[in-house]
Amino acid sequence: MNQTQRLNTTITSASGSEVNPSHSNMTDSAKLHQPHPPPKGERSHAGDFSYVGIDAILEQMRRKAMKQGFELNIMVVGQSGLGKSTLMNTLFKSKVSRKSAQPNPEEKIPQTIEIKSISHDIEEKGVRMKLAVIDTPGFGDQINNENCWQPIMKFINDQYEAYLQEEINIDRKKRIPDSRVHCCIYFIPPTGHCLRPLDVEFMRRLSKVVNIVPVIAKADTLTLEERDDFKQTIREELRANGIDVYPQKEFDEDAEDRLINDKIREMIPFAVVGSDQEYQVNGKKILGRKTKWGTIEVENIAHCEFAYLRDLLIRTHMQNIKDITGSIHYEMYRVRRLNESNAGPGLAPGQAPTLMSADSSSPRATTLLQRKLQLISFS
Ligand SMILES: Nc1nc2c(ncn2[C@@H]2O[C@H](COP(=O)(O)OP(=O)(O)O)[C@@H](O)[C@H]2O)c(=O)[nH]1
Ligand SMILES: [Mg+2]
């Protein structure tokens with residue numbers, strides 16, 4: 001585990017439910033008089049001259065993280081009608097955001113005709129989070145679906161490019177706006193048979209540039225047995241095709257990580273059901289799908305695996321998903337892109353056209369990039 005990762009892991013736990021409300025409610029004057037309050041339950045170190053106070057960094061980081069808030073950009077991909085928009089509505093309406101400000105409960109993600117990002121601000125226990133959902137129009141809706149992964153790949157690379165351009169700016173912003181796709185949820189139709197060539201092609205290509213989390217859409221249309229068999233088949237097919245979905249085995253940091261992630265890998269793809277309708281069941285309000293036979297509760301793990309997906313994205317792996325985006329996927333893009341620039345302006349555009357955004361593919365922009373890089377390496 002390198003240092004940055006170690007630091008980031010700590011921020012994750014700070015964003016979790018163990019937020020100590022006594023600090024967030026502290027008045028400014030109280031904060032001034034208590035620069036390093038001992039964490040709850042710990043003894044004060046006054047008079048203990050051997051105590052350096054390194055552990056207080058956690059509190060400093062927690063405060064900084066609380067101030068900055070958290071951002072997560074999730075993309076949803078799959079054929080029209082598989083329930084992408086509904087599932088994202090479910091995510092916003094589920095327990096993640098139930099207590100948060102919902103300006104209009106009837107507000108829905110509209111029918112998607114172009115790649116579109118919608119963001120929601122969520123606040124829980126004083127921790128702010130900006131959750132952006134990038135909804136894509138029906139992927140694979142055409143008769144000929146060859147290369148239909150390209151616009152999505154381009155969108156992802158364009159976000160990396162925008163980040164790179166900000167990063168290499170001489171007077172760059174203190175905090176670079178991050179529109180990079182941290183995670184792509186891929187919706188597999190609930191056929192119960194096997195992956196289609198289109199699914200394999202998409203995940204094979206995209207898993208190299210973004211974290212892919214595959215899900216079986218509309219899992220309520222499968223029996224429990226069919227669901228388990230289908231999950232198993234998909235896992236085998238992913239393995240056979242060398243598709244490494246999130247959480248990737250090679251990025252496990254230690255034995256503890258491996259243990260947790262192995263459990264997730266055994267469950268993937270999550271069989272999900274989405275709904276933005278609330279029903280009353282046993283006196284409790286639940287999100288569900290009402291059928292003639294009963295109500296499917298989307299957040300009930302006995303009914304479907306939506307809760308596992310939500311927990312992975314938000315509660316347990318959010319920081320790791322972002323770390324892998326930054327340190328693996330974006331880094332690969334950055335290195336490739338800068339290598340191209342170093343190889344000379346004439347070479348770059350022809351070599352990897354998909355990596356280029358419109359304005360940076362011109363020789364002028366590339367020279368500019370080189371010059372900026374030289375400046376950075378000298379500073
Ligand atoms: N049976 C079932 N229907 C669903 C589920 N999720 C969404 N739907 C329905 O499928 C239709 C298409 O959903 P939508 O979210 O617009 O799909 P999108 O085109 O992928 O965004 C709507 O009528 C939804 O109510 C699900 O999990 N199970
Ligand atoms: Mg939609």
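Numbering of ligands and ligand atoms starts at 1, following listing order.
At a cut-off of 2.8 Å, Ser85 is counted among the residues with an N, O or S atom near the Mg ion (ligand 2).
Between Leu287 and Asp276 the shortest heavy-atom distance is CD2-C, 3.9 Å. Closest approach of Val181 and Val210 over heavy atoms only: O-CG2, 3.5 Å.
Put simply, the side chain of Leu238 reaches to within 4.5 Å of the side chain of Val245, judged on heavy atoms.
With a 4.0 Å heavy-atom cut-off, ligand 1 is reached by the side chain of Asp220 but not by its N, CA, C or O. Here Arg289 has side-chain heavy atoms under 4.0 Å from ligand 1, and that is the only part of it that gets that close.
Distances below 4.0 Å separate heavy atoms of Val273 from the following atoms of ligand 1: 27 (O). Counting atoms of ligand 1 from 1 in the listed order, those under 4.0 Å from a heavy atom of Ser85 are 15 (O), 21 (O). Within the listing of ligand 1, atoms 20 (O) sit less than 4.0 angstrom from a heavy atom of Gln79.
Here atom 12 (C) of ligand 1 lies nearest to Gly81 when heavy atoms of Ala271, Gly81, Ser80 are compared.
Between Thr221 and ligand 1, a contact under 3.5 Å exists for no N or O pair. Taking any N or O of Leu82, backbone or side chain, at least one lies under 3.5 Å from an N or O belonging to ligand 1.
Among residues at least two apart or in separate chains, ring-ring contact (aromatic ring centres under 6.0 Å, His included) pairs with a member in residues 197-222 are Phe139-Phe202, Tyr186-Phe202. A salt bridge (charged side-chain N to carboxylate O under 4.0 Å, His left out) check over residues 64-81, counting only residues at least two apart or in different chains, returns nothing.
Put simply, the side chain of Ser275 gets close to the backbone of Gln277: a donor and an acceptor are under 3.5 Å apart.
The closest approach between any non-hydrogen atom of Gly78 and ligand 1 is not below 4.0 Å.
Under the 30°/60° scheme for interplanar angles, the aromatic rings of Phe270 and Tyr308 are found to lie parallel.
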